[in-house]
Amino acid sequence: MNKHIVILCTSKSTLYNAILHGKSCFGIPNKTSISTRFGSYATLASFTDFEASEGEEEDCCGSSSCIIQDKDLLRRSQIRNSPTGLHVLDLIDRGSLEANRALYNNLLKKCTHFGKVKEGRVVHSHIVHSQFKDDLVIHNTILNMYAKCGALDDARKLFDEMPSKDMVTWTALISGYSQNDRAEDALVLFPQMLHFGLQPNQFTFSSLLKASGARPNDKHGRLVHAFCLKYGYDSNVYVGSSLVDMYARFNLINEARVVFDGLVSKNEVSWNALIAGHARKGEGEHALSMFREMQRADFKPTHFTYSSVFSVCASTGSLEQGKWIHAHVIKSGGKLVSFVGNTLLYMYAKSGSIEDAKKVFDRLVKQELVSWNSMLTGYAQHGLGKESVQWFEEMLRIGIEPNHVTFLCVLSACSHAGLLDEGLYYFELMKKHVIEPQVSHYVTIVDLLGRAGLLDRALKFIREMPIEPTAAVWKALLGACRMHKNMELGAYAAEHVFELDPYDSGPHVLLSNIYASAGRWGDVAKVRRMMKESGVKKEPACSWVEIENAVHLFVANDDAHPQREDIYRKWEEISGKIKEIGYVPDTSHVLLFVDQHEREVKLQYHSEKLALAFALLKTPPGSPIRIKKNIRVCGDCHSAIKFVSKLVDREIIVRDTNRFHHFHDGSCSCRDYW
DNA sequence: AAGATTGCAC
């Protein structure tokens, strides 16, 4: 194996740069001597980490000699593995190679790209002892290397020690802080920079705006926006996109839209920022229509776009839409990078298509913690407690370190499936993994104890919490009190909720239901009066079904629907048939703000029943029916749907605010426990 | 010759 490779280069350092860039692409085995037209360099044989890539080995090494143009080397410089090429420093020390700015910058850039801060430090110390020890450009690159690698203390130290700084120096540090979630540190630098008489530019502003978006309010961001206008950078596409993103993060979608519309030059990022803004705000329809608009305007959706769109489909439960877009991604030949894959599997998992989610999971290039957590979310929300526990144990077995989200998922799965002992066990297990329980974990445990009927233990648990209980904690207890009809404790829990979150109608309704089931009409009226006085309005209940890519919305006793007569007739037909097989209407779940005689009528046309009747009219026999609801499904509807699933022999899936009910053959996945 | 914007699980 003594091969000879000839590389045509214009200078020695170009050769080394070419090799630095191209080495992972070219097969140059050990003991190969490499020569250039400037002579032979035996030292290059020590480059042992050259990797052969497929098909090229023959070309380079199969013959005794081949000629590679250095431009070609550079063009093929796709960096796959991460040799940082530090041996070049030895060559410089030995005088075989003359260092120059580009060489150092290339080395530093590689360190930055692969996050190799240790190697970067070696390069840094080498530079300190070289003729470039006072070179501003090289020091800016070093500073950037530290900042990008998250070594902000090193970056700061270098910044403070640098005798001369320019715009780039300041901007590199600002962007370092802003990219590492240190918005405050980034923003204080801005006035200091102005004080030194330096002019910010588009690079500075995009970083400052990113940092401003992480502040608790929009005040600072607006100020930075004013500076953008003053310096004339508001029309730059980076600055503009950052502005759109910043306003969108403060939920100021309209202002984001105004900035967006005013942008002379837009790019995919500008669109993505706005689409993500709508998605975060829960405005699925807006996000999807922007997604379509983006393509009409001839912008190709990117990974970021798909990620937002799948996330929208997941949260609105638009499985059909999501599948369609998934097909679109496959057709366009786009690769499933991890974060798109994660949202995609989350979408399937959350829609209850666990099988599809599993398929995506297996196809992911790499299963990250988020991927595992997304699967767990799916299991949890569909009441698949045992599967969730198995999945979690599998994670631990193969050495994936769980985080607080993982525990929240598994705890919530235990709670939804009534796995009391398992839930308590995993709560204790958090300590072993050194994860401090957050208030959401405490909420789940209160829920778990409460559902199991251990109300006193739940109360004791709340009293012994090391952190201040929030409204959510008391709401969990209140919900359990309603389930187990415990009036005294329910009223006590409700008091705490009213104090901490006075405008939520949910707890008022729950308390009133508790009183009603005990026949305490006076107390029911009192809660009603309280709601009126404090201006709390009950959220109108509604249900919707997605049929052939269209969403059909229903409200209780819907008389505005064009097909209301057909729907009502269908429900009456169904209602009669399920009564024959054992369904007994349960009026105790009707909110008692209506007259007694109206109750039966109100009950009969709850929105989920109308949606179900409509779906039965419009979908082929045997296909699953998916209904979504904005509040919890009531006991009577739950019972009725169980009978319907048996009567028509179909799977009916109802998604309410925090879980799914899978109805099949007369029973529900929640085992009447929700 | 160095510095910039957009995403996923609760």
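Each chain gets a letter, A, B and so on, in the order the sequences are listed, and its residues count up from 1.
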Need one value for [X]: base, sugar-phosphate or nothing, where a base atom within 4.0 Å counts as base even if backbone is also close, heavy atoms only.
X: A:M375; answer: nothing
X: A:S307; answer: sugar-phosphate
X: A:D166; answer: base
X: A:Q381; answer: nothing
X: A:S207; answer: sugar-phosphate
X: A:K148; answer: sugar-phosphate

Stepwise side chain to side chain contact (heavy atoms under 4.5 Å, CB included) test for A:T204 and A:W170: CA-CA 8 Å; A:T204 329; A:W170 284 84; over 6 Å; no
Electrostatic pair [X]:[Y] at N-O distance under 4.0 angstrom:
X: A:R296; Y: A:E293; result: no
X: A:E184; Y: A:R215; result: yes
X: A:K431; Y: A:E436; result: no
X: A:K157; Y: A:E161; result: yes

Nearest to the side chain of [X] - [options]?
X: A:T377; options: B:dA2, B:dA9, B:dT5; result: B:dA9
X: A:H404; options: B:dA2, B:dG3, B:dC10; result: B:dC10
X: A:Q179; options: B:dG3, B:dA9, B:dA4; result: B:dA4
X: A:R101; options: B:dA2, B:dC8, B:dA1; result: B:dA1
X: A:N403; options: B:dA2, B:dA9, B:dT5; result: B:dA9
X: A:V137; options: B:dT6, B:dA1, B:dA4; result: B:dA1
X: A:F203; options: B:dG7, B:dA4, B:dT5; result: B:dA4
X: A:T204; options: B:dC8, B:dG3, B:dG7; result: B:dG3
X: A:L408; options: B:dG3, B:dT5, B:dC10; result: B:dC10
X: A:N267; options: B:dA9, B:dT5, B:dA4; result: B:dT5

A:F427-A:Y442 aromatic ring centre distance below 6.0 Å: yes
Centroid-centroid under 6.0 Å between A:F260 and A:W271 rings: yes
Integer-rounded Å distance: [N] [atom2] and [X] [atom1]:
X: A:E436; N: B:dC10; atom1: CD; atom2: P; answer: 22 Å
X: A:F205; N: B:dA4; atom1: CZ; atom2: P; answer: 16 Å
X: A:L274; N: B:dT5; atom1: CG; atom2: P; answer: 19 Å
X: A:F159; N: B:dG3; atom1: CZ; atom2: P; answer: 16 Å
X: A:L263; N: B:dA4; atom1: CG; atom2: C1'; answer: 15 Å
X: A:M395; N: B:dA9; atom1: CE; atom2: P; answer: 16 Å
X: A:N272; N: B:dG7; atom1: CG; atom2: C1'; answer: 9 Å

B:dT6 phosphate, OP1 or OP2, under 4.0 Å from A:R280 side-chain N/O: no
Contact under 4.0 Å: A:N144 side-chain N or O vs B:dA2 OP1/OP2: no
Interface residues of residues 338-348 of chain A with DNA chain B (non-hydrogen, below 4.0 angstrom): A:F339, A:N342, A:T343, A:Y346
Has the side chain of [X] got a donor or acceptor atom sitting under 3.5 Å from an opposite partner on the base of [N]?
X: A:S242; N: B:dT5; answer: no
X: A:N201; N: B:dA4; answer: no
X: A:S206; N: B:dA4; answer: yes

Spatial distance of atom CG (A:L158) from atom NE2 (A:H124) [nearest 0.5 Å]: 5.0 Å
A:F304 ring over B:dT6 six-membered base ring, under 5.5 Å and 30°: yes
Side chain to side chain contact (heavy atoms under 4.5 Å, CB included) involving A:S242 - partner list, sequence neighbours excluded: A:S206, A:L209
